[in-house]
Amino acid sequence: MTTKEMTREYFDSLMLEMRLMDSGVPSTEMELYGKRFQTPIMTAALSHIGTFNPDLPSGMVQYAQGAAMAGAVHWIGMGSDEEFEEVAATGVPTIRIIKPYAEENRIYGQIQCAEKNDALAVGMDIDHMFGLDGNPDICMGEQMAVKTSADLRRYIASTKLPFIMKGVLSVQDAVKCAEIGAQGIVVSHHGGRLNSAVPPLYVLPEIVKAVGEQMPIFVDCGICSGMDAYKALALGATAVSVGTHLIPCIRQGGAEGVGKRIQEMTEELKGAMAYTGVTNTKEFDATVIRHL
């Protein structure tokens, strides 16, 4: 069984109690880094949509426009400053995730570009420091490097934007991120990058217990429904990201397709909240979850 399959199986093993007495019509609004959004379901930090999907040359911009239509936070991954500027021009609040490039100036330049274009936050893919052979990764032909806590602390200190570490899958790394001043983490195995990596939701409650009062905690990998989002939020996530699941929506309906799907997932989330006595995004309760 692959890591992705194990992650799906774990999602499906989590069931919900119903708690209808004294419940009310829920609100899915959330606040993040000083801004309000209509949903805690965000896009994920995808990269090179047009490269991997030649039939979607404007895919990155349509992806962003869809998030804006749904009132959601948008994330963007590896790409040029020019591409980021095109996405930022849509007006959607965007979090830019930067790869751990060997070239330090590249990192600082992308941070500065994010600041200049009013990004909501910035961050780094720490799970791209290594390739699967244990050596520094080469991603899309570009050399990555292993970054120490001291390196990461310098990146954090270089910007006034909230800085997020993406690729956290242990309490140990979560605590170290908090210690160096990170203002958010993404609990993720990067779509199964490491074989036999634990499902994010499996380790999420321990991470929430360790650092949940210090920073927002986001979850991605395998989320493709409002119910999946509910389970992550119930276990302590601040918000969740959806990526690969939205690619067919871009292909079939462009920005409108993305926006519609996020809205559909948000409605499903709202329904689950109503049936479990959760009236707003700060009231999720992990005790509603039952493991089969």
Side-chain angles (χ1 to χ4, degrees), residues 1-17 40-49 51-53 75 77-78 97 99-100 125-140 144 165-174 177 185-210 217-251 261-262 264-265 268-269 272 284 286-292:
M1 185 180 293
T2 67
T3 299
K4 287 184 178 181
E5 290 169 339
M6 287 188 285
T7 298
R8 181 71 262 158
E9 186 175 86
Y10 192 74
F11 265 116
D12 293 341
S13 74
L14 304 177
M15 309 301 286
L16 311 183
E17 294 183 352
I41 300 175
M42 314 176 291
T43 59
L46 295 182
S47 307
H48 303 289
I49 291 178
T51 301
F52 296 120
N53 303 271
W75 295 61
M78 186 180 189
I97 297 298
K99 288 287 186 284
D125 263 329
I126 61 173
D127 55 7
H128 253 289
M129 294 191 292
F130 295 101
L132 295 181
D133 61 1
N135 294 313
D137 195 22
I138 297 175
C139 183
M140 299 297 291
M144 304 294 130
M165 298 299 176
K166 181 175 180 291
V168 174
L169 203 63
S170 66
V171 170
Q172 176 177 315
D173 277 0
C177 288
I185 57 174
V186 182
V187 181
S188 169
H189 54 48
H190 209 114
R193 186 166 172 80
L194 174 66
N195 191 29
S196 294
V198 297
L201 264 59
Y202 184 87
V203 72
L204 175 62
E206 297 173 32
I207 291 174
V208 170
K209 183 177 180 180
I217 297 174
F218 311 113
V219 171
D220 74 2
C221 298
I223 293 171
C224 56
S225 69
M227 185 60 73
D228 289 345
Y230 181 98
K231 293 172 183 179
L233 295 164
L235 292 175
T238 305
V240 303
S241 287
V242 183
T244 304
H245 177 72
L246 295 174
I247 294 295
C249 300
I250 302 174
R251 180 169 287 111
R261 182 58 190 145
I262 296 174
E264 289 172 348
M265 293 173 68
E268 186 178 2
L269 168 65
F284 286 97
T287 65
V288 77
I289 297 287
R290 297 298 184 115
H291 296 255
L292 288 183

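Both backbone and side-chain heavy atoms feed into the values below; hydrogens, waters and symmetry mates do not.
Listed by chain and residue number, nothing satisfies the ring pair (Phe, Tyr, Trp, His ring centres under 6.0 Å) test with Phe130 (two or more places apart in sequence, or in another chain).
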I'd like a table of donor-acceptor pairs (distance under 3.5 Å, sequence neighbours excluded) in which one partner is a side-chain atom from residues 217-226, with atom names and distances.
from: Asp220; atom 1: OD1; to: Ser188; atom 2: OG; distance (Å): 2.6
from: Ser225; atom 1: OG; to: Met227; atom 2: N; distance (Å): 3.3
from: Ser225; atom 1: OG; to: Asp228; atom 2: N; distance (Å): 3.0

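In this structure, the side chain of Lys231 engages the main chain of Leu14 through a donor-acceptor pair within 3.5 Å. A distance-only check finds no donor-acceptor pair linking the side chain of Ser13 to the backbone of Leu292 [under 3.5 Å].
Separation of atoms NZ (Lys166) and SG (Cys177) is listed at 13.0 Å; rounding is to 0.5 Å. A distance of 6.5 Å separates CE in Met140 from CE in Met78, rounded to the nearest 0.5 Å. Interatomic distance, CG of Leu235 versus OH of Tyr202, reported as 12.5 Å (0.5 Å rounding). In this structure, His291 NE2 and Tyr10 OH are separated by 4.5 Å, a value rounded to the nearest 0.5 Å. The structure places CG of Leu194 at 6.5 Å from OG1 of Thr3, a figure rounded to the nearest 0.5 Å. Rounded to the nearest 0.5 Å, atoms CD1 (Ile185) and CG (Asp173) are 9.0 Å apart.
A 4.5 Å side-chain heavy-atom check between Leu269 and Pro40 finds at least one atom pair inside the cut-off. Between Ile126 and Pro100 the shortest side-chain heavy-atom distance does not fall below 4.5 Å.
The minimum heavy-atom distance linking His189 with Pro199 is given by the pair CD2-CA, 4.4 Å. Ala174 and Val168 make their closest contact through N-CG1, 3.7 Å (heavy atoms, listed as atom of the first residue, atom of the second, distance). Closest of all the heavy-atom pairs between Val203 and Ser170 is CG2-CA, 4.3 Å. Between Ala272 and Tyr230, the shortest heavy-atom contact is CB-CD1, 3.7 Å. Of all the heavy atoms in Ala197 and Leu169, the pair that sits closest is CB-CD2, 3.8 Å. The minimum heavy-atom distance linking Val240 with Ala232 is given by the pair CG1-CB, 3.6 Å.
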- [ ] Step by step, work out the salt bridge (charged side-chain N to carboxylate O under 4.0 Å, His left out) result for Asp137 and Arg193.
- [x] CA-CA 12 Å; Asp137 195 22; Arg193 186 166 172 80; 2.8 Å; yes

TODO: Output, in order, the C-alpha distance, side-chain angles, deciding distance and verdict of salt bridge (charged side-chain N to carboxylate O under 4.0 Å, His left out) for Glu206 and Lys209.
DONE: CA-CA 5 Å; Glu206 297 173 32; Lys209 183 177 180 180; over 6 Å; no

Task: Audit row: Val242, Ile262, side chain to side chain contact (heavy atoms under 4.5 Å, CB included) steps and yes/no - done: CA-CA 9 Å; Val242 183; Ile262 296 174; over 6 Å; no

- [ ] Before giving the answer on side chain to side chain contact (heavy atoms under 4.5 Å, CB included), spell out for Phe52 and Ile247 the whole-Å C-alpha distance, their side-chain angles and the decisive distance to 0.1 Å.
- [x] CA-CA 11 Å; Phe52 296 120; Ile247 294 295; over 6 Å; no

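Looking at Glu5 and Arg8, no side-chain N of the basic residue comes within less than 4.0 Å of a carboxylate O on the acidic one, giving no salt bridge.
By the 6.0 Å contact criterion, CD on Glu17 is enclosed, its count of non-hydrogen atoms from other residues, nucleotides or ligands being greater than 12.
Taking the six-membered ring for Trp and thresholds of 30 and 60 degrees, His190 and His128 have ring planes more than 60 degrees apart, a perpendicular arrangement.
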